[in-house]
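Written below as structure tokens is the structure these notes are about.
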2 protein chains.
Amino acid sequence: MLLDQEVNLDLLPHLLGYNLRCAQLALQRQLARVTPGGDPGSGIFGLLVLCCANPGISQIQVSRHLTIDKASVVALVDRAEGAGWLQRQRATTDRRRHGLFITPSGVDHLESLKQGMRTCEQAFDGLFDPAERDQLIHLLQRIRP
Amino acid sequence: MLLDQEVNLDLLPHLLGYNLRCAQLALQRQLARVTPGGDPGSGIFGLLVLCCANPGISQIQVSRHLTIDKASVVALVDRAEGAGWLQRQRATTDRRRHGLFITPSGVDHLESLKQGMRTCEQAFDGLFDPAERDQLIHLLQRIRP
DNA sequence: TATTGTTATACTCTATAACTATA
DNA sequence: TATAGTTATAGAGTATAACAATA
């Protein structure tokens with residue numbers, strides 16, 4: 001019987017994609033651990049961050065900056081609006097646009113999500129010294145659509 | 001109206017999670033571009049790599065090394081078996097186990113997936129010199145469950 | 001004509017819980 | 001009791017295509 005230690009991973013450990021996936025799964029699970037019942041996939045988190053830092057931002061801009069399709073943003077905004085964390089408001093200058101505005105309860109929720117996110121990232125801080133963490137972020141930032 | 005250049009990303013660019021997610025989405029889309037009709041999420045790829053390098057590997061071992069639940073492996077193996085890329089075979093020594101064996105057509109398919117994967121990763125090679133790519137991989141490898 | 005948002009639809013990925021067969 | 005695999009179910013995440021309203 002093949003022991004776990006003897007499993008041959010072949011080229012997987014040398015692939016960017018495999019390592020990115022493993023790392024992201026680990027991070028997501030850690031986040032789920034420290035924020036039980038919180039934001040599972042961090043979609044809401046990104047949305048609220050953008051709406052808080054950019055009041056009146058449009059859905060198409062959220063779509064661009066979270067690099068997901070505009071149709072995917074609709075469901076995200078629906079959920080957040082349903083939870084009372086933000087409001088759509090038809091823009092007066094360009095009536096095709098919905099400006100997105102975070103609500104007071106959305107600000108509260110965002111704060112707790114940010115706290116969870118900090119705790120989550122801290123769990124991995126021991127893995128890197130500050131220079132390494134910076135370099136990891138900078139290297140990752142080069143990989144874009 | 002808020003211009004795209006003026007969107008404030010707040011803390012997002014400083015988060016490991018956000019950068020991992022953006023990088024992984026970019027990689028997945030590049031893979032979809034170079035292997036149209038290929039393996040969308042690379043689940044099948046990992047499975048076939050493991051079965052090819054470790055004939056008779058069990059589903060629970062695949063589960064551990066791809067860091068997904070054993071129940072999730074079932075669907076993956078179902079698809080691969082349905083496509084004729086591998087076969088389950090009840091182990092004689094431990095009859096609870098299914099040994100997984102890649103088929104000749106699975107080997108062919110894996111080769112084409114590997115080629116696509118190489119092409120995909122090459123598209124990002126220009127972003128890093130070899131030392132940087134190594135370091136990125138090594139830093140990512142520290143982030144594990 | 002092009003853009004913004006929406007709806008409808010579908011597929012992938014993953015998880016949990018409860019089950020069967022085997023150890 | 002514990003492990004390997006399965007089934008059933010559910011939810012998140014994403015995409016494409018077609019559409020209405022607006023620019």
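A quick note: this is a predicted structure, and the numbers were derived from the prediction, not measured. Order of the sequence lines sets the chain letters (A, B, ...), proteins ahead of strands, with each chain counted from 1.
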Below 4.0 angstrom from OP1 or OP2 of [N], is there any side-chain N or O of [X]?
{"X": "B:Arg21", "N": "D:dT14", "value": "yes"}
{"X": "B:Arg64", "N": "D:dA4", "value": "yes"}
{"X": "B:Gln59", "N": "D:dT6", "value": "yes"}
{"X": "B:Ser72", "N": "C:dA15", "value": "yes"}

Starting at [atom1] of [X] and ending at [atom2] of [N], how long is that distance when rounded to a whole Å?
{"X": "B:Gln28", "N": "C:dT12", "atom1": "CD", "atom2": "P", "result": "13 Å"}
{"X": "B:Leu25", "N": "C:dT12", "atom1": "CG", "atom2": "C1'", "result": "13 Å"}
{"X": "B:Ile57", "N": "D:dG5", "atom1": "CD1", "atom2": "P", "result": "10 Å"}
{"X": "A:Asp69", "N": "D:dA12", "atom1": "CG", "atom2": "P", "result": "19 Å"}
{"X": "A:Arg29", "N": "D:dA12", "atom1": "CZ", "atom2": "P", "result": "17 Å"}
{"X": "B:Gln24", "N": "C:dC13", "atom1": "CD", "atom2": "P", "result": "11 Å"}

State which of [options] makes the closest approach to the side chain of [X].
{"X": "A:Arg79", "options": "C:dT14, D:dG13, C:dT6", "answer": "D:dG13"}
{"X": "A:Ile68", "options": "D:dT6, C:dT14, D:dT14", "answer": "D:dT14"}
{"X": "B:His98", "options": "C:dG5, D:dA15, D:dG5", "answer": "D:dG5"}

The contact string for nucleotides 18-23 of chain C, one letter per nucleotide 5' to 3', using protein heavy atoms under 4.0 Å with B, S and - for base, sugar-phosphate only and none, comes out as ---BBS
Worksheet entry | Position toward the 5' end of DNA chain D (nearest nucleotide), B:Gln61 or A:Leu76 |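 Result: B:Gln61.
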What's the separation between atom CD1 in B:Ile137 and atom CZ in B:Phe128, rounded to the nearest 0.5 Å?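 Spacing of CD1 (B:Ile137) from CZ (B:Phe128) equals 9.0 Å.
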(Q) For a side chain to side chain contact (heavy atoms under 4.5 Å, CB included) check, start with the C-alpha distance between A:Lys114 and B:Asp10, then their side-chain angles and the critical distance, and finish with the verdict. (A) CA-CA 11 Å; A:Lys114 275 190 184 177; B:Asp10 194 25; 3.1 Å; yes
Side-chain contact, heavy-atom cut-off 4.5 Å: B:Glu132 with B:Leu127?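 No, every pair of side-chain atoms sits at 4.5 Å or beyond.
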Review point. Heavy atoms, side chains only, cut-off 4.5 Å: are B:Cys51 and B:Ile57 in contact?
Key: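 Counting from C-beta outward, B:Cys51 and B:Ile57 do come under 4.5 Å.
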### Query
If you count the non-hydrogen atoms of other residues, nucleotides and ligands that lie under 6.0 Å from CZ in A:Arg95, is the total more than 12?
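No.
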If you measure from the Lys or Arg side-chain nitrogens to the Asp or Glu carboxylate oxygens, is any gap between B:Arg88 and B:Asp78 under 4.0 Å?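 Result for this pair is yes, salt bridge flagged.
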Side chains of B:Asn19 and A:Arg142, donor plus acceptor under 3.5 Å: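 Judged by distance alone, the side chains do not pair up.
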- Message: Side chains of B:Gln61 and B:Arg64: any donor to acceptor distance under 3.5 Å?
- Response: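 Side-chain D/A pair, B:Arg64 to B:Gln61: absent.
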Which ILVMFWY residues are connected to B:Ile60, directly or by a chain of links, through side-chain heavy atoms under 4.5 Å apart?
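Traced through the cluster, B:Ile60 reaches no other member.
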Would you tabulate the nitrogen or oxygen pairs shorter than 3.5 Å linking the protein to nucleotides 7-9 of chain C?
none

